[in-house]
Amino acid sequence: MGRNLWAIMYVTVMILMIIQVVESSLHRVGGGRYTWNSDVNYSDWSNNQTFYSGDWLYFGFDRKIHNILQVNKSSYEKCIDTDFIFNITRGGRDVFQLVQPKPYYFICGRGFCLKGMKLAVNVLPQPPRSTPTSPITPASTAISLIHSNAFTVAILTLAFKVLYFD
Ligand SMILES: *[C@@H]1O[C@H](CO)[C@@H](O)[C@H](O)[C@H]1NC(C)=O
Ligand SMILES: *[C@@H]1O[C@H](CO)[C@@H](O)[C@H](O)[C@H]1NC(C)=O
Ligand SMILES: *[C@@H]1O[C@H](CO)[C@@H](O)[C@H](O)[C@H]1NC(C)=O
């Protein structure tokens, strides 16, 4: 009985946390289901979004065909996929957190960058919260307790597996 109650509370907190993370700050790159492909104009997409530090990018793609690499500005401009900064490619439903207020650059290797699969996002500092009225909620408590990126990536990946499993 008591154990069941804890299990329900635990699951509720996890769901609230996932909803908060997903709603507040997750950008589905390019939109659509397979968000990372050569049919999207990513500069148009990125120009219509506002990115704040702490926001997440979601890339959905077929990892047998595409990959996703964080690179520096010159590698972005010249489509150089060697000596990248970070390889985001995992299962094809992958997330990346924009931690700092600065420009970030991403490309698809294997020649796709030259076909337009490149993304630049300019990340702004986190604005002050516009709704400071709510007291401590379970979700915000859970989020403030979790500083591990790896854990958050795991939770988001799990959430997407659940949401988009077919
Ligand atoms: C960007 O990375 C490339 C390697 O891919 C390196 O040669 C170059 O010096 C770097 N440029 C800057 C501005 O850091
Ligand atoms: C990126 O990581 C994935 C998964 O770990 C791996 O399969 C792939 O070879 C890596 N890509 C590069 C360019 O290192
Ligand atoms: C994306 O669209 C803009 C105009 O909105 C254009 O200048 C740019 O060349 C396009 N990029 C690609 C990769 O097609």
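In listed order, ligands and their atoms are each counted from 1.
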min-distance protein heavy atom vs atom 11 (N) of ligand 3 -> Asn41 ND2, 3.1 Å
Atom 4 (C) of ligand 3: closest protein heavy atom, distance to 0.1 Å, is Asp44 OD1, 3.8 Å
Rounding to 0.5 Å, atoms CD (Gln100) and CD (Gln126) come to a distance of 13.5 Å
So the atoms of ligand 1 within less than 4.0 Å of a heavy atom of Thr82 turn out to be 5 (O)
Notebook entry, point to check: So, do Phe59 and Thr89 sit near enough that their side-chain heavy atoms are less than 4.5 Å apart?
Noted result: no
query: Quick one: does atom 14 (O) of ligand 1 have a protein heavy atom under 4.0 Å from it?
result: yes
_atom 7 (O) of ligand 1 protein-contacted (non-hydrogen atom, under 4.0 angstrom)_ = no
Q.
Suppose we call two aromatic rings close when their centres sit under 6.0 Å apart. Are Phe106 and Tyr42 close by that rule?
A. no
When distances are taken from atom 1 (C) of ligand 2, the protein heavy atom at minimum range is Asn87 ND2, 1.4 Å
If you scan protein heavy atoms around atom 5 (O) of ligand 1, the nearest is Ser75 OG, 3.1 Å
When distances are taken from atom 10 (C) of ligand 1, the protein heavy atom at minimum range is Asn72 ND2, 2.4 Å
If we number the atoms of ligand 1 from 1 as shown, the ones under 4.0 Å from a heavy atom of Asp83 are 4 (C), 5 (O)
Are the gamma sulfurs of Cys113 and Cys108 separated by less than 2.5 Å? no
Here the atoms of ligand 2 under 4.0 Å from any heavy atom belonging to Thr89 are 1 (C), 2 (O), 3 (C), 4 (C)
- Item | Heavy-atom side-chain contact between Asp55 and Val123 under 4.5 Å | no
Rounding to 0.5 Å, atoms CD (Gln97) and CG (Leu26) come to a distance of 10.5 Å
Does Gln70 reach the side chain of Phe84, with side-chain heavy atoms less than 4.5 Å apart? no
